[in-house]
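Below is one structure, written out as structure tokens; comments come after it.
So that the names make sense, note that chain A is the first sequence line, chain B the second, and so on, each numbered from 1. Predicted model, so just to flag it, every value in this text is computed and none were measured.
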There are 2 protein chains.
Amino acid sequence: MILSKSCIYGLRASVYLASKKKDDFITIKNLSDDLNISFHFLTKVLQQLTKAEILESYKGPNGGVKLAKPAHSVTFLDVVLSIDGKYMLSECVLGLPVCGELNPCPLHDEWHQLKENLRSMMANITLEELSFRHGPKHGSLSAKRFASRV
Amino acid sequence: MILSKSCIYGLRASVYLASKKKDDFITIKNLSDDLNISFHFLTKVLQQLTKAEILESYKGPNGGVKLAKPAHSVTFLDVVLSIDGKYMLSECVLGLPVCGELNPCPLHDEWHQLKENLRSMMANITLEELSFRHGPKHGSLSAKRFASRV
DNA sequence: TTATATTAAGATAAAATACTCTTAATACTT
DNA sequence: AAGTATTAAGAGTATTTTATCTTAATATAA
């Protein structure tokens with residue numbers, strides 16, 4: 001698994017929020033129900049995104065979370081870096097701490113290229129674009145296998 | 001981290017074995033010392049590779065492990081699949097069990113492409129090629145940071 | 001046949017990750 | 001001011017991954 005579960009949950013929630021036209025706060029309960037993610041766990045993850053200033057939160061009635069910036073200005077990579085950190089895109093595939101340009105591991109160059117592709121893919125897609133692809137025609141963001149039956 | 005530690009250890013050991021010209025059995029103690037990996041843990045990992053018929057093992061004095069096939073006929077991918085399984089190359093980046101051609105998640109197509117690149121990169125490099133790049137000029141397979149001082 | 005070298009296997013322990021529960025803090029509503 | 005809805009924070013539990021320890025099995029050699 002390339003991304004941690006926390007990161008995946010954060011991404012799903014962010015895309016979901018981006019798909020909301022209205023600029024209201026959405027409760028985490030709402031998110032956790034719709035996305036089928038544990039409420040408490042999701043709360044923790046979203047706290048990280050709030051600290052990273054990707055989300056804005058508000059307590060009390062009518063509170064919740066929402067994107068802190070317009071959806072077209074937040075990339076997939078922004079969310080990933082906030083939760084999984086940059087190490088994910090810099091580590092050696094063979095786990096060698098000394099691996100680098102000066103002392104490349106046998107796979108260094110290939111891996112470097114692949115990581116750059118990964119980074120650019122993530123940096124070049126915004127939450128807005130992702131939200132367009134989310135809906136009945138495309139995949140749901142819920143993990144429920146038989147959502148229509150429930 | 002894309003690959004598990006078990007997998008990384010298995011890869012390092014396989015490349016190391018590929019770099020040996022002589023077709024002798026190498027003891028796991030030898031491997032674990034040279035690669036700086038816990039002996040017992042490495043033993044477990046290599047057992048998996050032996051079951052997968054990538055390695056051949058022999059007990060008793062002069063025993064050890066060696067590649068079961070010529071190094072040019074074993075790919076990086078073979079080793080990865082034996083340890084981390086094929087799921088690694090098929091799962092949805094957003095962890096959605098329903099994601100697929102029929103019901104793609106917002107990132108499905110990009111991710112699919114990236115995984116194919118990853119697969120072909122891994123399928124197109126053999127242990128022999130990797131072993132050529134291993135040595136003083138290139139990176140060591142040991143994780144020791146200051147090997148020369150020790 | 002006894003001692004020794006080695007891998008195999010199983011049981012346990014430690015660490016990391018994922019998840020849950022409880023309480024606190026904050027803000028709204030009446 | 002009191003009650004309620006909500007996020008924040010901290011502590012605790014469970015699961016998975018990584019690592020270690022112990023014993024068993026197998027093969028060699030003297």
Side-chain angles (χ1 to χ4, degrees), chain A residues 1-14 17 24-68 80 83-85 87-88 91 94-95 143, chain B residues 1-14 17 24-68 80 83-85 87-88 91 94-95 143:
Chain A
M1 179 126 36
I2 293 181
L3 305 174
S4 70
K5 281 212 168 185
S6 295
C7 188
I8 288 174
Y9 293 162
L11 282 165
R12 300 230 305 265
S14 300
L17 289 173
D24 293 337
F25 286 104
I26 308 286
T27 67
I28 300 179
K29 184 78 177 53
N30 216 281
L31 283 166
S32 71
D33 282 351
D34 282 7
L35 301 177
N36 233 256
I37 301 173
S38 138
F39 168 77
H40 290 290
F41 195 62
L42 185 59
T43 296
K44 294 280 148 110
V45 172
L46 299 189
Q47 277 172 27
Q48 290 183 256
L49 290 180
T50 302
K51 277 183 191 150
E53 297 185 0
I54 287 183
L55 300 185
E56 192 178 325
S57 71
Y58 206 78
K59 289 177 187 171
N62 308 318
V65 293
K66 66 178 178 183
L67 292 179
V80 170
I83 299 178
D84 277 353
Y87 184 58
M88 186 225 131
E91 67 196 345
L94 296 183
Chain B
M1 178 124 37
I2 293 183
L3 305 174
S4 69
K5 281 212 169 184
S6 295
C7 189
I8 288 173
Y9 294 163
L11 283 164
R12 301 230 304 266
S14 300
L17 289 173
D24 292 338
F25 285 104
I26 308 286
T27 68
I28 300 179
K29 184 76 177 52
N30 216 281
L31 283 166
S32 71
D33 283 352
D34 281 8
L35 302 176
N36 235 253
I37 302 173
S38 138
F39 168 76
H40 291 288
F41 195 63
L42 185 59
T43 295
K44 296 278 150 113
V45 172
L46 299 190
Q47 276 172 29
Q48 291 182 255
L49 290 180
T50 302
K51 277 183 191 150
E53 299 186 355
I54 287 182
L55 300 185
E56 192 178 325
S57 71
Y58 206 77
K59 290 175 184 171
N62 308 318
V65 292
K66 65 177 178 183
L67 292 180
V80 170
I83 298 179
D84 278 352
Y87 184 60
M88 186 226 133
E91 69 196 345
L94 296 182

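Nearest approach of A:Ala13 to A:Leu42, heavy atoms of both residues: CB-CD1, 4.3 Å. For the residue pair A:Ile37 and A:Arg12, the shortest heavy atom distance occurs at CG1-NH2, 3.8 Å. Nearest approach of B:Thr50 to B:Ser57, heavy atoms of both residues: CG2-OG, 3.7 Å. Heavy atoms only, all atoms of each residue included: A:Leu3 and A:Met88 are closest at CD2-SD, 4.0 Å.
Taking atom CG of residue B:Asp84 and atom P of nucleotide D:dT16, one finds them 16 Å apart after rounding to whole Å. Rounded to whole angstrom, the span from the CE atom of B:Met88 across to the P atom of D:dT16 amounts to 20 Å. Rounded to whole Å, atom P of D:dT20 lies 10 Å from atom NZ of B:Lys5. If you measure from atom CD of A:Gln47 to atom C1' of D:dT6, you get 12 Å, rounded to the nearest angstrom. One interatomic measurement links the two molecules: CG of B:Leu42 to P of D:dC21, which rounds to 16 Å at whole-angstrom precision. Look at CG on A:Leu55: it is 17 Å from P on D:dT6, rounded to the nearest Å. Taking atom CD of B:Gln48 as the reference point, atom C1' of D:dT17 lies 12 Å away to the nearest angstrom.
A:Phe25 comes within 4.0 angstrom of nothing in the nucleic acid, heavy atoms only. Looking at heavy-atom distances under 4.0 Å, A:Ile28 makes contact with sugar-phosphate atoms alone, never a base.
Reading DNA chain C from its 5' end, the first and the last nucleotide to sit under 4.0 Å from a heavy atom of chain B are C:dA5 to C:dA11.
Rounded to the nearest 0.5 Å, atoms CG (B:Asn30) and CZ (B:Phe25) are 14.0 Å apart.
Side-chain proximity of B:His40 to the nucleotides D:dT18, D:dT28, D:dT20 is greatest for D:dT20. Side-chain atoms of B:Lys44 lie closest to D:dT20 of the nucleotides D:dT28, D:dT20, D:dT6.
Within the 4.0 Å cut-off from OP1 or OP2 of D:dT18, not a single side-chain nitrogen or oxygen of B:Tyr9 is found.
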Under 3.5 Å donor-acceptor pairs involving side-chain atoms of residues 59-68 of chain B, not counting sequence neighbours:
from, atom 1, to, atom 2, distance (Å)
B:Lys66, NZ, B:Asp23, O, 3.3
B:Lys66, NZ, B:Asp23, OD2, 3.2

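Residues A:Gly60 and B:Tyr58 both approach DNA chain C. Their nearest nucleotides, taken by heavy-atom distance, put B:Tyr58 toward the 5′ side. Between B:Leu46 and A:Asn62, the residue whose closest nucleotide on DNA chain C is further toward the 5' end is B:Leu46.
The stretch residues 48-57 of chain B participates, sequence neighbours left out, in no salt bridge (charged side-chain N to carboxylate O under 4.0 Å, His left out) pair at all.
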